[in-house]
**Q** 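Quick one: structure below, then a few questions.
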Protein chains: 2
Amino acid sequence: MNSKPLLDYIKRYVNLTKEEESLLISKVSYRKYLKNQYIVQQGDICKITGFILSGCTKTFYLDESGQEHIVLFAIEEWWTSDMGSYISQSPADFNVQCIENTELIQFSYDTNEELLLKIPKLERFFRKIVERALVSSQKRIIRNFSLTAKEQYIQFKELYPTIEKRVPQYMVASYLGITKEFLSKIKSQLILEQ
Amino acid sequence: MNSKPLLDYIKRYVNLTKEEESLLISKVSYRKYLKNQYIVQQGDICKITGFILSGCTKTFYLDESGQEHIVLFAIEEWWTSDMGSYISQSPADFNVQCIENTELIQFSYDTNEELLLKIPKLERFFRKIVERALVSSQKRIIRNFSLTAKEQYIQFKELYPTIEKRVPQYMVASYLGITKEFLSKIKSQLILEQ
DNA sequence: AAATGATGTTAATCTAGTTTAACATTTATT
DNA sequence: AATAAATGTTAAACTAGATTAACATCATTT
């Protein structure tokens, strides 16, 4: 397992000693998922939060009519899980599925408690991570309300250019909350305009 | 200042000693806002996070055309601030305004750092608070995508019955992302249906 | 009690985005 | 190379929700 990306990432928020770093690494696990595999399924108790070493995942909700609504994508150096299910160990509302083969460093709910007690600095680290996730989530709500679908698509490309190139278009449409047909129309409009 | 509601609230997440409690109380401040006063304005650097002792606030975004989009309401025992601005001390995207006269216990950005160093348990406390806020925010995104306006309104009433009764209807419409006229139509439909 | 401003309603017209369905293109599998 | 599966496009008919505008009701101030 290549733990450097995770340790570098943590370093941006808190400074761990060498001992703390190796304790941390001894308590997490590495796992490889194949494209299309599920990390969490709606209804499961989400046992892990994963730090992505490589790959790409989508977190989505299936509604009554079986339609898929993507809440967020995650790529290298992002975190992936059903946060609600993980923190309260209750059945997941969301599915997390790999869009590409994906390598994770997994923090399991059971051992994480122990880790936080031994390295209290990690409380601060996770607080900061979650704060940033909350900010993105609130901004997403606003974009949704105050922009047309076309404007949202333009912003999405600016905010997440790599993701836009890596995931199929119909998933981008689902993330934006529109149909794939309408996104297709928007794209052809944008081509005509320029 | 009546600090009991805050201390009781904290007790649900972490246990503080009497000394820690009094240190905490010595580092926060009490403030009363009148109805319609702003706690934060778009563009300000948000210096505080407030715990609501009494009253009600709305956090909203003003778009290009001057339209107001409400991200969230907050009432007693909830937290209110522009999280993005507070955590990165950058200009606020949102306004926070009082819908009623509102009493806050304010945690200021500058003294909070000191407080967290002296009472590391608070890192955990704030992490848990933010985690819960993130979960609500993600659920809100999903409701928005997978429900019709009518369904959203019904869920809103179930989730936040007190808020629905306390705030004017046009603000509920703004929160739901629809016009006040359409909410009015929905309400009259619901009356006919029952 | 009159007047002003804030909040809520109704109805007609309009539009952004959906639905359906047929077809085109790209990618993976044999 | 041929076939199947997945992804993307186009266009017509449709609908949820927006816009406009006129009016109704409630609350606050003088």
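In what follows, chains are A, B, ... by sequence order, proteins preceding strands, each numbered from 1. All values reported here derive from a predicted model rather than from experimental measurement.
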**Q** Name the stems that DNA chain D belongs to, where each is three or more consecutive Watson-Crick or G-U pairs with both distances under 3.5 Å?
**A**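 Result, WC/G-U stems under 3.5 Å: C:1-30 with D:1-30.
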**Q** Would the distance check show the side chain of A:S88 and the main-chain N or O of A:G84 forming a donor-acceptor pair, the cut-off being under 3.5 Å?
**A** yes
**Q** Produce a footprint string for nucleotides 11-30 of chain C: one letter per nucleotide, 5' end first; B if the base is under 4.0 Å from any protein heavy atom, S if only the sugar-phosphate is, - if neither.
**A** ------BBBBB---------
**Q** Only pairs at least two apart or in different chains count here, so list each ring-ring contact (aromatic ring centres under 6.0 Å, His included) that has a residue in residues 152-171 of chain A.
**A**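 For residues 152-171 of chain A: A:W78-A:Y160, A:F156-A:Y160, A:F156-A:Y175.
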**Q** Pull out every residue in residues 155-176 of chain A that has a heavy atom closer than 4.0 Å to any atom of DNA chain C, ordered by number, or say none.
**A**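 Nucleic-acid contacts, sorted: none.
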**Q** Report yes or no: does A:Q42 contribute a side-chain atom to a donor-acceptor pair with the main-chain N or O of A:L62 at less than 3.5 Å?
**A**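 Pair found, side chain donor or acceptor close to backbone of A:L62.
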**Q** Just by modelled atom types, is the A:L24 backbone N or O under 3.5 Å from a matching donor or acceptor in the A:S26 side chain?
**A**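 Looks like no, no N/O pair under 3.5 Å.
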**Q** Taking the side chain from A:D44 and the backbone from A:A92, do they hold a donor-acceptor pair closer than 3.5 Å?
**A**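 A pair under 3.5 Å: no.
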**Q** Whole angstroms only, please: what is the OH-C1' distance between B:Y153 and D:dA16?
**A**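 Interatomic distance, OH of B:Y153 to C1' of D:dA16: 18 Å.
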**Q** Are the side chain of B:S174 and the backbone N or O of B:I70 linked by a donor-acceptor pair below 3.5 Å?
**A** yes
**Q** Can you measure B:D63 atom CG to D:dA18 atom C1' for me and round it to whole angstrom units?
**A** 14 Å
**Q** What is the distance, to the nearest angstrom, from the CG atom on B:N144 to the P atom on D:dA16?
**A** 17 Å
**Q** Among A:Q138, A:R132, A:K139, find the one that has a side chain to side chain contact (heavy atoms under 4.5 Å, CB included) with A:V135.
**A**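 Looking at A:Q138, A:R132, A:K139, the match for A:V135 under the side chain to side chain contact (heavy atoms under 4.5 Å, CB included) is A:K139.
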**Q** Among residues at least two apart in sequence or on other chains, which ones pass ring pair (Phe, Tyr, Trp, His ring centres under 6.0 Å) with B:Y13?
**A**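 Residues passing ring pair (Phe, Tyr, Trp, His ring centres under 6.0 Å) with B:Y13: B:Y9, B:F125.
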**Q** Examine distances only and state if a side-chain atom of A:S85 and a backbone atom of A:C46 form a donor-acceptor pair shorter than 3.5 Å.
**A** yes
**Q** Run through the side-chain heavy atoms of Ile, Leu, Val, Met, Phe, Trp and Tyr, join any pair under 4.5 Å, and report what else lands in A:I191's cluster.
**A** none
**Q** Give the rounded distance in Å between these two atoms: CG of B:N36 and C1' of C:dG5.
**A** 13 Å
